[in-house]
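Right, one structure below, let's go through it.
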2 protein chains.
Amino acid sequence: MKQSLGLFENITGVSDAAKQGFISLLEEVKTEKGHKLEQEGQVSHHLYYIAEGSARSYYVRDNRDITVSFSLAGEFVTAMHSFITRSPSYETIETLEKSIVYRISYEDLQQCFLDFPDMERTYRIILEKYYIALEEQLIFSKFKSAKDRYLELMENKPKIIQKASVGQIASFLDMTIETLSRIRAKI
Amino acid sequence: MKQSLGLFENITGVSDAAKQGFISLLEEVKTEKGHKLEQEGQVSHHLYYIAEGSARSYYVRDNRDITVSFSLAGEFVTAMHSFITRSPSYETIETLEKSIVYRISYEDLQQCFLDFPDMERTYRIILEKYYIALEEQLIFSKFKSAKDRYLELMENKPKIIQKASVGQIASFLDMTIETLSRIRAKI
DNA sequence: CTGAGTTTTTGACTTTTATCAAGGGTTTAT
DNA sequence: ATAAACCCTTGATAAAAGTCAAAAACTCAG
């Protein structure tokens, strides 16, 4: 049920009217594994909330598929750069498994901000969380060896290791499939 | 003059009252080179806007000084993680040169959001910009060689190369001083 | 101007990770 | 059931970057 999404947990200062307004704009999408939520080359029109399942964001460069991020249930995801700037996305987002997501369009979100100024607060807080997570990821990637990066992923997002392929994980951790395979063999 | 900071350029939908309210909360700080705006271990109390000069954010790990980011005039900076979560900062921010910054305290900023809900929009847009910049930095660091990372920095933020030391730049680009030195020798 | 201290460069060598190549396992379709 | 396709692992070698050490180039107080 939309009402029990847990979407507004830990967020205070938002009126019930705003919450209801926001939720009424959500559209439910049920997808099979491998369904593309956003496509490279197209402007990202929606912000997604993953109710069940998981997704992977990636782009293709020099014929190689490079994973940017994994998103699990309870998280928001979109091709942020494209969504914010309204320019074509360089990344593709697809589900890693059968999933249920709720999405809101860019226009509806902006209208929601106008109708319910306190809604801007929710979005702001979500952005803050994502900013911090990204900052940590960047700092972390700065001074860790391939092995440490893998161990950290196992620690923090063990579900990803079950759901994603070696190739997807390797590109996320910025190493080759072979290196990841050797690391796993030694643990 | 505070009024001519250029702070609200490119940001629409904010009332003059909100702008004035925000500006009135700013405190000017003139600093010498090397002045610490934020200290590791302490909660970050201010959001800074660099009017003149530049700053470097870094943390120390295993006795090594690792640069997280450089900030130039016209940009905002703070120990974001600490500022948002109100927990001790793991990073230190210091000016790279004699600088003039304007700062607003966490409490004043929150009050500003309450007094002027449309102010939340400005902050949100700033956050979005920073999020995108960080995302690009992360993606970029994923598949570039040491040399390419240096060339990209030269292209995008040439001022940093003049203002920061080899060691500071090397740790930002995630390579050793020696590697950076060799790269520079070959260009 | 000079010499102590610091920063940067250069050199020799080592470690880490990538690349190329081949071989096992699984899965899937016929 | 079997072949094709795919994914993962293993091995040999190569390339990239790191480490340690020493020399050269700056910086700045006296």
Side-chain angles (χ1 to χ4, degrees), chain A residues 32-34 54 56 58-67 70 92 94-98 137-154 158-187, chain B residues 32-35 54 56 58-67 70 94-98 137-154 158-187:
Chain A
E32 290 306 307
K33 172 176 178 173
S54 54
R56 181 177 76 100
Y58 67 96
Y59 60 96
V60 176
R61 168 118 185 176
D62 302 335
N63 271 328
R64 280 174 43 192
D65 168 319
I66 298 171
T67 299
F70 292 107
T92 297
E94 65 176 34
T95 53
L96 277 174
E97 60 192 311
K98 194 172 173 180
Q137 199 183 331
L138 185 68
I139 287 171
F140 159 75
S141 72
K142 256 195 187 331
F143 61 97
K144 295 276 188 173
S145 66
K147 184 177 176 181
D148 286 348
R149 294 200 299 280
Y150 179 70
L151 291 175
E152 172 97 2
L153 181 65
M154 270 184 72
K159 283 183 182 173
I160 287 169
I161 289 163
Q162 291 142 30
K163 292 177 179 177
S165 72
V166 173
Q168 292 169 349
I169 296 170
S171 73
F172 176 66
L173 294 175
D174 199 15
M175 64 183 77
T176 59
I177 289 175
E178 293 93 329
T179 298
L180 178 52
S181 184
R182 282 183 247 268
I183 287 169
R184 297 177 102 154
K186 280 187 194 160
I187 291 175
Chain B
E32 289 306 308
K33 172 177 177 171
H35 176 81
S54 54
R56 179 176 78 100
Y58 66 95
Y59 60 97
V60 177
R61 168 116 186 182
D62 302 336
N63 272 328
R64 281 174 43 193
D65 169 319
I66 298 172
T67 299
F70 292 107
E94 66 176 34
T95 53
L96 278 173
E97 61 193 310
K98 193 173 174 180
Q137 200 183 329
L138 185 69
I139 287 170
F140 159 76
S141 72
K142 255 194 188 329
F143 62 97
K144 296 276 189 175
S145 66
K147 184 177 176 181
D148 286 348
R149 295 201 297 280
Y150 179 69
L151 290 176
E152 172 97 1
L153 180 66
M154 271 185 73
K159 283 184 182 171
I160 286 169
I161 289 163
Q162 292 143 29
K163 292 176 180 180
S165 73
V166 173
Q168 293 169 349
I169 295 170
S171 74
F172 176 66
L173 294 175
D174 197 16
M175 64 183 79
T176 60
I177 290 174
E178 293 93 329
T179 297
L180 178 52
S181 184
R182 282 183 246 266
I183 287 169
R184 297 178 102 155
K186 279 187 194 162
I187 293 177

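Just the heavy atoms: all of them, side chains too, but no hydrogens, waters or symmetry mates, feed the values below. A, B, ... follow the sequence lines: proteins, then strands. Residue 1 opens every chain.
In this structure, the separation between CG on B:Asp174 and CZ on B:Arg149 is 5.5 Å, given to the nearest 0.5 Å. Atom OG of A:Ser141 is separated from atom CD of A:Glu152 by 10.5 Å, given to the nearest 0.5 angstrom. If you take CD1 on A:Ile183 and CG on A:Asp148, they are separated by 9.0 Å, rounding to the nearest 0.5 Å. Distance check: B:Ile139 CD1 to B:Lys144 NZ gives 12.0 Å after rounding to the nearest 0.5 Å.
Partners of A:Glu97 by salt bridge (charged side-chain N to carboxylate O under 4.0 Å, His left out), not counting sequence neighbours, listed by chain and number: A:Lys163. In this structure, the side chain to side chain contact (heavy atoms under 4.5 Å, CB included) partners of A:Glu94, at least two apart in sequence or on a different chain, are A:Lys36, A:Arg56, A:Tyr58. By the side chain to side chain contact (heavy atoms under 4.5 Å, CB included) test, A:Val166 pairs with A:Ile177, A:Leu180, A:Arg184, sequence neighbours left out. Residues passing the side chain to side chain contact (heavy atoms under 4.5 Å, CB included) test with A:Thr176, sequence neighbours excluded: A:Glu178, A:Thr179. Remark: A:Lys147 engages no residue in a salt bridge (charged side-chain N to carboxylate O under 4.0 Å, His left out) (not counting sequence neighbours).
Put simply, the side chain of A:Thr95 gets close to the backbone of A:Glu32: a donor and an acceptor are under 3.5 Å apart.
Between its two ends, the helix from C:dC1-D:dG30 to C:dG23-D:dC8 turns its axis by 40°, counting five pairs per end and rounding to 10 degrees.
Heavy-atom minimum distance, B:Ser171 versus B:Gln168: OG-O, 3.2 Å. Across A:Ile160 and A:Ile169, no two heavy atoms sit closer than the pair O-CD1, 4.1 Å.
First and last contacting nucleotides of DNA chain D toward chain A (any atom under 4.0 angstrom from a heavy atom, 5' to 3' order): D:dC8 to D:dA12.
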Set out, line by line, the N/O atom pairs under 3.5 Å between protein and nucleotides 6-8 of chain C.
{"unit_1": "C:dT8", "atom_1": "OP1", "unit_2": "B:Val166", "atom_2": "N", "d": "3.3"}

Per-nt protein contacts along nucleotides 12-29 of chain C (heavy atom under 4.0 Å; B base, S backbone sugar-phosphate only, - none) come out as B----SSBB---------
